[in-house]
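See below for the structure under consideration.
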Number of protein chains: 2
Amino acid sequence: METRELRYFVAVAEEAHVGRAATRLGIAQPPLSRAIAQLERRLGAALFTRTPRGVTLTSAGETLLREARVALAAVEAAERRTRRVAEAAGRAPVVLTAKAGASSELMAKLLDAYAAEPDAVEVDVVLTPPGHQAVMLRDGRADVAILHRPFDDTSGFDVDELLVEEQVLILPAGHPASTRAAMTLAEARSIPDLPLPRWPRLDGSYPEGPGPELRDLTQVLQLVRLGRAAIVLPETAQANLRDGLAVVPLSDAPRVTTVIAWPPHSTSPGVAGLVRTAGRL
Amino acid sequence: METRELRYFVAVAEEAHVGRAATRLGIAQPPLSRAIAQLERRLGAALFTRTPRGVTLTSAGETLLREARVALAAVEAAERRTRRVAEAAGRAPVVLTAKAGASSELMAKLLDAYAAEPDAVEVDVVLTPPGHQAVMLRDGRADVAILHRPFDDTSGFDVDELLVEEQVLILPAGHPASTRAAMTLAEARSIPDLPLPRWPRLDGSYPEGPGPELRDLTQVLQLVRLGRAAIVLPETAQANLRDGLAVVPLSDAPRVTTVIAWPPHSTSPGVAGLVRTAGRL
DNA sequence: CTGCGCTCATACCGCTGCGGTATCGGACCC
DNA sequence: GGGTCCGATACCGCAGCGGTATGAGCGCAG
């Protein structure tokens with residue numbers, strides 16, 4: 001199987017429509033139909049069922065979609081990492097990716113501690129929207145990432161745990177619920193006048209439902225202060241809170257684990273150094 | 001980058017010789033030279049330095065070799081898993097791979113317990129030479145593997161620990177060293193008349209050195225009984241020992257962790273069931 | 001039930017680019 | 001300096017990719 005075939009397949013699977021997929025790929029529809037048919041013949045498996053409104057995946061197709069995404073990310077990663085090694089022969093900067101606006105204290109400690117090491121190399125910090133760090137790591141745009149389980153999918157990476165913490169509910173100061181000693185997630189979700197914000201998905205769209213769309217944490221905290229929303233955050237986020245907010249522990253929210261993650265087989269001395277430093281924090 | 005290019009590159013890198021690589025690939029030398037040159041042009045990086053006796057990898061080339069192997073394994077896995085899902089639509093057997101002749105007790109318990117589950121599917125057990133299980137899992141020939149850290153590279157897989165154990169030295173009964181309460185690895189290696197056997201590498205070749213080549217555990221144990229060798233094994237292997245052998249604990253040998261490993265993103269209900277069962281053992 | 005619209009499949013064509021053979025250029029060795 | 005062993009280059013034929021035109025199957029409106 002060639003990566004071209006996999007790219008074509010993924011496009012068709014995602015669009016559920018050969019014509020649209022062809023447009024997206026910048027080719028005509030017939031060659032794409034033919035390429036898919038050829039792929040199916042070679043695999044000896046139907047990947048799509050043709051319907052009058054487009055195509056839908058078979059179970060074999062679903063398997064291939066999952067696997068193809070991993071494989072394509074691996075090929076992309078190979079290309080990008082090779083380019084990076086070639087460009088900055090020797091002391092290439094390490095690219096560290098983290099969620100914008102989170103773990104700032106931990107990150108600062110890590111970067112300071114690492115910079116003090118004798119053999120430290122330059123660290124490029126790339127802050128991305130939530131959820132994108134694992135993707136960056138998978139396709140070679142980043143060398144190390146700070147991830148948060150269980151939100152990020154760390155499968156396929158080597159990880160070191162840095163911090164385990166509980167989550168708390170942040171509400172407007174003076175709200176009736178703010179005096180409670182603890183709460184469950186279900187209770188937090190059902191406070192009538194305080195909806196929880198919705199987080200964007202990987203593609204930037206938002207799930208349906210009530211609650212404001214979360215774009216910027218400080219903006220949402222402003223909404224909380226105004227008595228228009230509540231939000232669930234890891235407990236260390238309290239450190240950055242200003243007045244007008246109350247904190248209630250959640251008894252049944254999943255614990256958040258902050259980890260440092262890197263691709264297996266990494267040989268970069270910078271990655272090794274960062275991970276070593278992180279382990280000592 | 002197309003997988004064809006990656007396959008060509010890997011062949012040349014492994015042979016360190018364009019002509020031989022071409023033969024191995026079943027094509028002529030000039031197209032291969034051209035393909036490599038084109039790959040280098042597209043990456044904007046020299047991958048090989050040409051010498052009068054062949055070619056050697058640059059640092060960019062070494063990076064690409066490592067990454068390309070991962071990427072190619074992922075592509076192969078995609079193909080194989082899709083084929084398998086298509087062939088045995090529905091209740092496909094799960095392929096479990098393990099080291100031949102090891103963990104037999106644990107495996108039996110696992111398979112028995114799993115077979116007793118209400119929704120159990122068929123399990124194909126594939127016993128392979130040591131070290132091959134991770135490869136099988138990586139390229140899609142197996143769905144689950146029993147691996148042994150630190151010997152197997154579990155990076156890139158999801159794992160559950162099943163058993164942690166110490167290693168012991170097995171020697172002929174009556175040997176002077178057999179009365180010792182404990183020993184270090186270095187001492188074990190330097191017993192003058194009892195060489196440790198050599199384990200085969202992934203490609204089937206053996207490292208240089210003294211000691212018999214290990215092909216079959218029972219054969220080596222026979223050698224031990226005859227006073228011609230000693231061997232280091234996990235302590236549970238004692239259960240299968242017969243007369244004529246003595247056991248000495250090793251104080252500094254790495255602990256061996258038996259794990260059950262599966263590829264991330266696995267959706268097979270059989271894999272999930274096996275892992276769940278294993279976790280309850 | 002018939003015609004239209006929408007979708008994917010098929011037919012056919014042109015050209016890119018892969019792989020083939022022949023040959024060159026350079027390094028090393030006697 | 002000729003022989004040998006490399007990889008690189010030159011050139012050619014053809015497989016296969018992508019293009020346009022058109023067919024075939026299905027759902028639906030009238």
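A, B, ... follow the sequence lines: proteins, then strands. Residue 1 opens every chain.
A salt bridge links B:Arg69 to B:Glu14: at least one charged side-chain nitrogen sits closer than 4.0 Å to a carboxylate oxygen. Using a 4.0 Å cut-off between charged nitrogen and carboxylate oxygen, B:Glu79 and B:Arg83 count as a salt-bridge pair. Ionic pairing of B:Arg7 and A:Glu2 is present here: one or more N-O contacts between side-chain nitrogen and carboxylate oxygen are shorter than 4.0 angstrom. Ion pairing between a basic and an acidic side chain is recognised when a charged N comes within 4.0 Å of a carboxylate O; B:Asp160 and B:Arg276 show no such pairing.
Spacing between atom CD1 of A:Ile27 and atom C1' of D:dG16 amounts to 14 Å, rounded to whole angstrom units. Between A:Glu2 atom CD and D:dG16 atom C1' the separation is 13 Å, expressed in whole Å. For the pair B:Arg50 CZ and C:dC24 C1', the interatomic distance rounds to 17 Å; values are reported in whole Å. One atom, CG of B:Leu32, and another, P of D:dG7, lie 9 Å apart when rounded to the nearest Å. One can place CD1 of B:Ile36 at 17 Å from P of D:dC6, the figure rounded to the nearest angstrom. We find that CZ of A:Arg20 is positioned 13 Å from C1' of C:dC8, with the value rounded to whole Å. For the pair B:Leu39 CG and C:dC18 P, the computed distance is 12 Å after rounding to whole Å.
Each of A:Gln29 and A:Tyr8 has a nearest nucleotide on DNA chain D; the 5'-most of these lies closest to A:Tyr8.
Within 4.0 Å (heavy atoms only), A:Arg34 reaches at least one base atom of the nucleic acid. Across all strands, B:Gln38 comes closer than 4.0 Å only to sugar-phosphate atoms, never to a base (heavy-atom distances). Using a 4.0 Å heavy-atom cutoff across all strands shown, B:Phe48 reaches no nucleic acid atom at all.
At D:dG18, one or more side-chain N or O atoms of A:Arg4 fall inside 4.0 Å of OP1 or OP2 (strictly under the cut-off). In this structure, B:His17 does not reach the D:dC5 phosphate: none of its side-chain N or O atoms is under 4.0 Å from OP1 or OP2. The phosphate of C:dC8 (OP1 or OP2) has no side-chain N or O of A:Ser33 nearer than 4.0 angstrom.
A distance of 5.5 Å separates CG in B:Leu274 from CD1 in B:Ile260, rounded to the nearest 0.5 Å.
Here D:dG7 is the nucleotide among D:dG7, D:dT20, C:dG19 with the atom lying nearest to any side-chain atom of B:Val55.
Annotation: cation-pi pair A:Arg50/A:Phe48 absent, no NZ/CZ under 6.0 Å from the ring centroid and within 45° of its normal. A cation-pi geometry, defined here as NZ or CZ lying under 6.0 Å from the six-membered ring centre and within 45° of its normal, does not hold between A:Arg149 and A:Phe151.
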Output a table of nitrogen or oxygen pairs between the protein and nucleotides 27-30 of chain C separated by less than 3.5 Å.
none

